[in-house]
Protein chains: 2
Amino acid sequence: MTSELAITFCTDATWTGRAHCEKCHIRKLMLFSELPTSAFEEVLQPIDQYMYPPGSVLYEAHTHKQFIYSIRRGMVKLVHIAPDGVSRIVRLLGPGTAIGLELLDGADGYHHTAIAVNQVDLCKIPVSTIKQLEDGHKELCMHVSKLLQDQLDLADQWIVALGTGTARQRVAQLVLVLDEFFSEDNGAFILLNREDMAAMIGIAVETVSRMIADFKRQKILYRFKENYYQCNTEALQDISRQG
Amino acid sequence: MTSELAITFCTDATWTGRAHCEKCHIRKLMLFSELPTSAFEEVLQPIDQYMYPPGSVLYEAHTHKQFIYSIRRGMVKLVHIAPDGVSRIVRLLGPGTAIGLELLDGADGYHHTAIAVNQVDLCKIPVSTIKQLEDGHKELCMHVSKLLQDQLDLADQWIVALGTGTARQRVAQLVLVLDEFFSEDNGAFILLNREDMAAMIGIAVETVSRMIADFKRQKILYRFKENYYQCNTEALQDISRQG
DNA sequence: GGGCGTCATTGAGAAGTATCAATCCAGCAT
DNA sequence: ATGCTGGATTGATACTTCTCAATGACGCCC
């Protein structure tokens with residue numbers, strides 16, 4: 001059950017340009033989707049885009065960097081690290097979600113440590129900018145609500161699916177989640193390492209490994225190419241329900 | 001691990017009056033805390049207050065009653081019920097929180113079943129009223145965000161504390177949560193029944209019973225009066241950390 | 001190619017939990 | 001008081017999972 005994720009403090013982000021939200025080709029996904037283009041003329045502080053390599057720490061819990069991050073590409077894990085170093089992954093987030101929203105409600109620091117799972121592209125938005133835009137644009141406030149509601153739904157799903165049943169059932173659920181939310185264009189998803197999976201569902205690394213190895217043997221889970229895997233959804237759903 | 005909470009469909013709520021939010025003595029806690037008293041003149045649909053006996057169902061998942069509920073008194077459990085009837089308690093909420101907020105983001109039904117744990121007093125607010133007030137009062141939208149953020153924090157705490165460690169550690173955490181969030185004026189809290197506790201942390205009823213009985217024997221947990229209990233916080237924290 | 005490090009897999013025994021069944025207990029109605 | 005009833009407790013056993021330890025697989029660097 002003990003899992004102490006090795007955290008590499010290589011926050012070597014690459015600056016990939018100044019964001020031009022009004023021209024953003026995925027804006028409909030993003031935080032500012034409902035704002036009129038005119039709104040961006042009011043923005044004083046710049047919004048920059050960055051690229052982070054896998055494993056890099058976007059921010060640490062309890063620090064206060066005054067930035068909200070809007071994920072454009074890649075997967076981010078939100079991690080809770082106990083005083084004794086044991087860590088637990090609380091949520092896995094992908095493109096279109098924003099992290100660090102707790103700062104908008106007056107939190108005096110981030111509530112989790114955020115770590116890039118694979119390569120992550122994101123927009124770094126100053127809290128002051130959001131607050132300023134919220135003033136004039138109620139749509140933004142409502143979008144923030146919606147993002148929070150989405151994350152709440154995710155958290156609830158996490159509690160129900162990943163916190164109930166045998167190890168076998170939970171791993172099946174986890175693979176289903178990866179398949180549903182993190183499949184890429186090729187219809188396959190990256191299988192997390194065993195340590196991350198263990199930290200998500202709260203079981204031992206070896207147990208996860210046994211289950212995954214078993215799924216592979218049964219051809220319920222198979223390699224697509226490189227790190228990408230595909231799965232037999234029906235079989236996993238059966239397992240997640242009855243074992 | 002199987003737990004099928006017996007749900008008594010006795011939705012025999014008692015109407016206890018029409019709400020006068022502008023005069024509400026606990027308004028600072030409630031959904032409309034930041035609104036000027038003048039705002040209530042705009043409200044067309046009435047806001048009613050109700051009292052529910054323990055065990056009654058406030059609403060069921062997937063139904064759509066067009067109401068948000070603001071809890072004034074008592075505890076409410078949000079329950080996820082799987083198709084096979086197994087239920088899991090996702091969250092426990094008390095005074096000052098609002099439930100059913102998912103309807104504001106366009107959900108086409110409640111996301112959980114809400115059940116009164118003890119006697120619950122609440123205000124029943126039409127969705128249309130909130131939407132109407134949100135239009136003119138950004139403060140309300142921000143308060144909704146804050147409530148969602150609070151619930152998200154709770155859910156995260158749930159995942160971390162109640163989904164990690166041995167049964168003994170989890171039960172200790174659960175008692176600590178009850179003590180922290182649900183202690184009443186007398187400094188004691190109501191100990192939930194074993195079935196509810198089991199549904200919260202995802203272990204068998206008998207296991208919960210063994211742990212609680214053990215805590216009682218060790219005088220870590222003791223009866224204050226009637227159903228009310230008090231606990232030795234330090235001892236429980238020790239247990240929750242190392243076992 | 002060979003050595004090395006990291007992660008995944010597998011095995012075996014210990015520890016923890018679920019399950020089934022019996023018993024206890026308090027509150028309540030008769 | 002007596003019996004009833006639902007929940008809580010306890011016991012015994014089978015099963016699951018953790019833990020420690022060994023082995024295997026793979027990429028990487030020299």
Side-chain angles (χ1 to χ4, degrees), chain A residues 1-8 10 54-55 86 88 117-118 162-172 174-175 190-218 220-223 225-229 239-240 242-243, chain B residues 1-8 54-55 86 88 117-118 162-175 190-218 220-223 225-229 239-240 242-243:
Chain A
M1 181 74 73
T2 318
S3 63
E4 310 195 11
L5 300 186
I7 294 183
T8 48
C10 50
V86 174
R88 177 94 203 232
V117 174
N118 43 22
L162 272 31
T164 315
T166 65
R168 187 178 172 75
Q169 290 173 305
R170 296 192 203 188
V171 174
L174 175 52
V175 174
I190 293 175
L191 200 58
L192 298 170
N193 66 35
R194 307 295 169 269
E195 194 177 12
D196 277 350
M197 293 203 229
M200 275 191 244
I201 52 190
I203 64 179
V205 175
E206 295 91 332
T207 306
V208 175
S209 181
R210 278 180 238 274
M211 302 305 156
I212 291 288
D214 193 44
F215 290 166
K216 284 184 192 168
R217 271 189 291 271
Q218 291 188 45
I220 290 174
L221 180 67
Y222 41 91
R223 194 171 188 156
K225 82 174 181 194
E226 294 160 33
N227 262 354
Y228 287 89
Y229 282 77
I239 292 171
S240 76
Q242 9 167 336
Chain B
M1 179 75 73
T2 317
S3 63
E4 311 195 11
L5 301 184
I7 294 184
T8 46
V86 175
R88 175 94 203 233
V117 174
N118 42 24
L162 273 32
T164 313
T166 64
R168 187 177 172 75
Q169 290 174 304
R170 298 192 203 189
V171 174
Q173 288 274 12
L174 175 52
V175 175
I190 294 175
L191 200 57
L192 300 170
N193 66 34
R194 307 297 169 266
E195 193 177 12
D196 277 350
M197 294 203 228
M200 275 191 244
I201 52 190
I203 64 179
V205 174
E206 294 92 333
T207 306
V208 174
S209 180
R210 279 180 237 273
M211 303 304 155
I212 291 289
D214 192 45
F215 291 165
K216 284 185 191 166
R217 270 189 292 270
Q218 292 187 44
I220 290 174
L221 180 67
Y222 41 91
R223 192 171 189 154
K225 84 174 180 197
E226 296 160 32
N227 262 354
Y228 286 89
Y229 282 79
I239 291 171
S240 75
Q242 9 168 335

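Only heavy atoms go into these numbers, but all of them, side chains included; no hydrogens, no water, no symmetry mates. Labels below follow one simple rule: chain letters A, B, ... track the order of the sequence lines, proteins then strands, and each chain is numbered from 1.
- Put simply, CD1 on B/I203 is 12 Å from P on C/dT19, counting in whole angstrom units.
- Comparing A/R210 and B/L192 by the nucleotide of DNA chain D whose heavy atom lies nearest to each, the residue mapping closer to the 5' end is B/L192.
- Atom P of nucleotide C/dA26 and atom CG of B/N193 are separated by 18 Å, given to the nearest angstrom.
- Atoms CD1 (A/I212) and P (D/dA25) sit 19 Å apart, rounded to a whole Å.
- Close to D/dT16, at under 4.0 Å from its OP1 or OP2, lies no side-chain N or O of A/R168.
- At C/dT17, none of the side-chain N or O atoms of B/T207 fall inside 4.0 Å of OP1 or OP2 (strictly under the cut-off).
- Across the protein-nucleic acid pair, A/Q169 atom CD and C/dA18 atom P stand 13 Å apart, rounded to whole Å.
- Between the CZ atom of B/R194 and the P atom of C/dC25 there is a distance of 15 Å, given to the nearest Å.
- What separates CG of B/L221 from C1' of D/dA8 is a distance of 14 Å, to the nearest Å.
- Between A/D214 atom CG and D/dT16 atom C1' there is a gap of 14 Å when expressed in whole angstrom units.
- Rounding to the nearest 0.5 Å places CD1 of B/I203 at 10.5 Å from CZ of B/R210.
- Here D/dT17 is the nucleotide among D/dA8, D/dT17, D/dT9 with the atom lying nearest to any side-chain atom of A/M211.
- Which of D/dT9, C/dT9, C/dT17 sits closest to the side chain of A/A213 comes down to C/dT9.
- Contact annotation: A/R217 side-chain N/O to C/dT10 OP1/OP2 distance is under 4.0 Å.
- Along DNA chain D, the nucleotide nearest B/S209 and the nucleotide nearest A/E206 are compared for position; the residue whose nucleotide lies closer to the 5' end is B/S209.
- The shortest distance between the side-chain N/O atoms of B/K216 and the OP1/OP2 oxygens of D/dT9 is below 4.0 Å.
- In this structure, A/M197 atom CE and C/dC7 atom P are separated by 14 Å, rounded to whole Å.
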